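Working notes, structure below.
Just so you know, these numbers use all the heavy atoms, side chains as well, and skip hydrogens, waters and symmetry mates. Being a predicted model, the structure only gives us computed values, none of them experimental. Letters A, B, ... mirror the listed sequences (proteins, then strands); counts begin at 1.
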Amino acid sequence: MGRPGREVRTDFPHRRQADKDSGRAGVACQLNPPSSTSSPLDKTLPAARGANMTAERFDPASADQRWQRAWDEAQSFRADDTSAKPRSYVLEMFPYPSGRIHIGHVRNYTMGDVLARAKKMQGYEVLHPMGWDAFGMPAENAAMEKGVHPGGWTRDNIANMKAQLKRLGFALDWSRELATCDPEYYGHEQALFLDLYAAGLVYRKESAVNWDPVDMTVLANEQVIDGRGWRSGALVEKRKLNQWFLKITQFADDLLAGLGSLDKWPEKVRLMQENWIGKSQGLRCTFRFPGSAEGVEVFTTRPDTLFGASFVAIAADHPLAQQMAETVPELAEFIADCKRGGTTAAELETAEKKGFNTGLSAEHPLKPSWHLPVYVANFVLMDYGTGAVFGCPAHDQRDLDFARKYELPVTRVVADGDETGSTFDGNEAYTGPGRIVNSEWLDGMDVESAKAAVIARAAHEGWGEGTTVWRLRDWGVSRQRYWGTPIPFIHCGTCGVVPVPKDQLPVTLPEDVSFDVPGNPLLRHPTWKHVDCPQCGGKAERETDTLDTFVDSSWYFLRFASQPADKPFDPEVIRRWLPVEQYIGGIEHAILHLLYARFWTRALAHIGLIDVKEPFGSLFTQGMVTHETYSRIDPANGQPVYFSPADIERGADSAVLKADGAPVEIGRVIKMSKSKKNVVDPDDIIAQYGADAVRWFMLSDSPPERDLPWSEAGIEGCARFVQRLWRLFGQYDPAATGEDKALDRKRDQTVQAAGQDIASLGFNKAVARIYELTGAVEKAAPSASRSAAIRVLLLLAAPMMPHLAEEAWAAIGGEGLVADAAWPPVDPALLVEDEVTIAIQVLGKLRDTITVPKGLPREEIEALALASDKVQRALDGKAVKKVIVVPDRLVNLVA
RNA sequence: GCCCCUGUGGCGGAAUGGUAGACGCGAACGACUCAAAAUCGUUUGCCGCAAGGCGUGCCCGUUCGAGUCGGGCCAGGGGCACCA
């Protein structure tokens, strides 16, 4: 059982138990069992015993841990699949276990945590899980650099980061923790992959990849920098390899249409996905070679401009160009020249349009007697459309640049306002709307009608058809790497590509692998890949590619919701939790992760495994945490040397290095990064200020979608506020008597508004309201109202500063844990003011304000306004021509 | 090049077309203290002694009234890109 290098599992459904029984961690990172539950005899809250009700200061160093343990022991945040309550699934994008959490994680998870805790208080059954996106390159890099095993490295990192998250007191259901590198997880993923294969959504195709000849591995496009491998620096080659693909294009239309229903997603993300999917509708048609059945097939979105054509251009790697190059050395040279061109944005922007006249000509499809020259052109892309275009210079800038250079005809076919002449002057193409001109039977139509007319005729005459072209490509998921999900297929000389039978899943990674030479360890492992064919029993080889890690994160939110041992998830339970009510993460995942997850949701629905349309109902992309930089110019080389904030003494508007007391330059506030040393370590600040102050800082001031500038002064202010609340909570007096109507009103208004702010993730506004109520309570004289307000304030603060809240809750004799307490109710009658302050304007300028009973009739307000000295002075004897009264708000006197 | 977002005090930022600057940070002054920290109080958009005037990147417009709506610019940030 679990012997390294074992090829095929035969007992997947039962393996989980078996492995735990044997105590083996397995090859990958098995997670710790849930922490032991408290003794049933221990009904009192253990942490409460440590709470010091009379302490003048709240001591996070002791309180944080006590309450974290109390929540663990009470399993306060365990989600109940069978609960009858309304449900809320709050999810933050799970982290890659790099080793340490960074401040961005703290911000992200604090936001989700406040929402989850508030929802729980408001009566929802909340699912708020956490796990690890644990496969990927950094683990292999660590293996290469430090000689450690990727599995061990990852497991250690997870343990560290889990401890860090615990120190922040997040309300997470740790019983659902998962790691994608756990065979239990990726085995189910393999099963899903086989299901998609059976449904025809997975296929193999020969495809060009970026190959690093030094590291002997495939690189993602992002890992190729200026044509060189990011690690090795070697010139990257294009290689043809058999690759596995997921048929995401089958859902292109639906993925695009679905964006319309995502009204709780940022407009920006929807636009980015829309652009990425890139739907273009147009005409595909053939320009025949005279007297031949052969021709060049082109795609255009502007069939209306067909009469403005003046050339045909094909891509350098178009098969026709390749074929001709064999016999025409000048063309071969030109093609080679095209390939040498840079691919960066700036180079493309400035690259000159160049072409090579093949000497061929092609018939215009609408007028066979009209022959157009055929060029090979450097601006035509083989991998978009058909790899060939017709050039209409008057109405396409690239075509115009090209036509001017090679002195080709430029004919206007769309009127630009009054300009209808066939001769097109200037060097700026007209791409706007207009009537079709100089186009025979199309003349007089608008652009859209002309497009339809040409497509209809093409279809009728058989030389072309209306078609849709997508920018979106099928998703290549093969990675020639070790630390990923093995693709569950076997290559047999007799039977071909054979899926691993499901009862043999998971296909686990071998543990005894080496990283001392480049290349894929799975490929050179002595035994792992050698297996018998499941079909014919003959000798066969395992697929040694592993899946792109984006596959792992494309369905983890389903596994969080339902974790049966014998299948990836239970559809019935999925139906209860999904879609995720609120998903929170970084904008960097706007396209790939979020698009892939939407695709998987559709693919799994397509094969009947789930009944979910969109995985994430509401999406929120949070801003970065930034910090100013501290530097000095190194006189030796003129380069800046950066200093860590920890080594800096920050004054009001200057900063000095602690080591030498000499000043340093205070630089721009930018994203925290190791190279600029403007980072703060979550552990350090938690140790220094306590988890609640850190959490409070994360929520204060900046709106959550914007960048949050970290500052020493800011966190100190937060830590002070934690103590200020503690002192106020200490003034709670259950025996106090007397009513303070204004405070009651303020209290309920704050509950109402803060609740709405949290629901809409306006944490900075909720924070401001809590400050306001705090100030109001502090100023109020003792009364029953004041005590009630203190209690409410504690409950409002609980989602944000849970440790402080628990400590104070225990101190004031609250029942159970504040984590289980109910959100304070509001009295609707108290939400409306009985007095209002009305602004009095003269000619739209504020001149005075009056405080009157709410609902005072217009005439009385008007009379009071006119009675004001300040108003009379502003009127300066002029007659009032018109009076605008907005009841309970303002009066505007127009003189 | 195309598309999107953002521009408000010293700083982070509030503000259903209706009192711009809530709240926080910072700063100043005061109280407490032998002193400091902590805490508490007052002040804090700009000009002006005041009355008052000016003020949400700039210019126009709509409106009784514009930070907010429309048009045109400018600046910063981001995304996409020889996509036919």
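- Heavy atoms of Q841(A) sit under 4.0 angstrom from at least one base atom.
- Residues K268(A) and M382(A) each lie close to RNA chain B; by heavy-atom proximity, the contact nearer the 5' end of the strand is made by K268(A).
- Nearest to the side chain of N764(A), among rA84(B), rG13(B), rU19(B), sits rG13(B).
- Rounded to whole Å, the distance from OH on Y771(A) to P on rG21(B) is 21 Å.
- Under 3.5 Å, the side chain of K765(A) and the base of rC23(B) form no donor-acceptor pair of N or O atoms.
- Between the side chain of N275(A) and the base of rC80(B) there is no donor-acceptor pair of N/O atoms closer than 3.5 Å.
- When Watson-Crick and G-U wobble pairs are counted only if both distances are under 3.5 Å, rG70(B) pairs with rC60(B).
- Heavy atoms from other residues, nucleotides or ligands lying under 6.0 Å from NZ of K279(A) number more than 12.
- Nucleotide rU19(B) forms a pair with no other nucleotide shown, judged by Watson-Crick or G-U wobble geometry with both contacts under 3.5 Å.
- More than 12 heavy-atom neighbours from other residues, nucleotides or ligands sit within 6.0 angstrom of CD on Q872(A).
- Between R473(A) and T849(A), the residue anchored nearer the 5' end of RNA chain B, judged by the nucleotide with its closest heavy atom, is T849(A).
- Within the 4.0 angstrom heavy-atom criterion, base atoms lie near V380(A).
- In this structure, rG24(B) forms a base pair with rC11(B), meeting either the Watson-Crick or the G-U wobble geometry with both donor-acceptor distances under 3.5 Å.
- Dense packing is recorded around NZ of K405(A), with more than 12 heavy atoms of other residues, nucleotides or ligands lying under 6.0 Å away.
- As judged by a 4.0 angstrom heavy-atom cut-off over every strand, R720(A) is placed among residues touching the sugar-phosphate backbone only.
- Remark: D869(A) CG is loosely packed, at most 12 non-hydrogen atoms of other residues, nucleotides or ligands lying under 6.0 Å away.
- A 3.5 Å limit on both hydrogen-bonding distances identifies rC40(B) as the Watson-Crick or G-U partner of rG30(B).
- Nucleotide rC49(B) has no partner under the Watson-Crick or G-U criteria, as no pair reaches both atom distances under 3.5 Å.
- For the residue pair D707(A) / T626(A), no side-chain donor-acceptor distance below 3.5 Å is found, with atom types taken as modelled.
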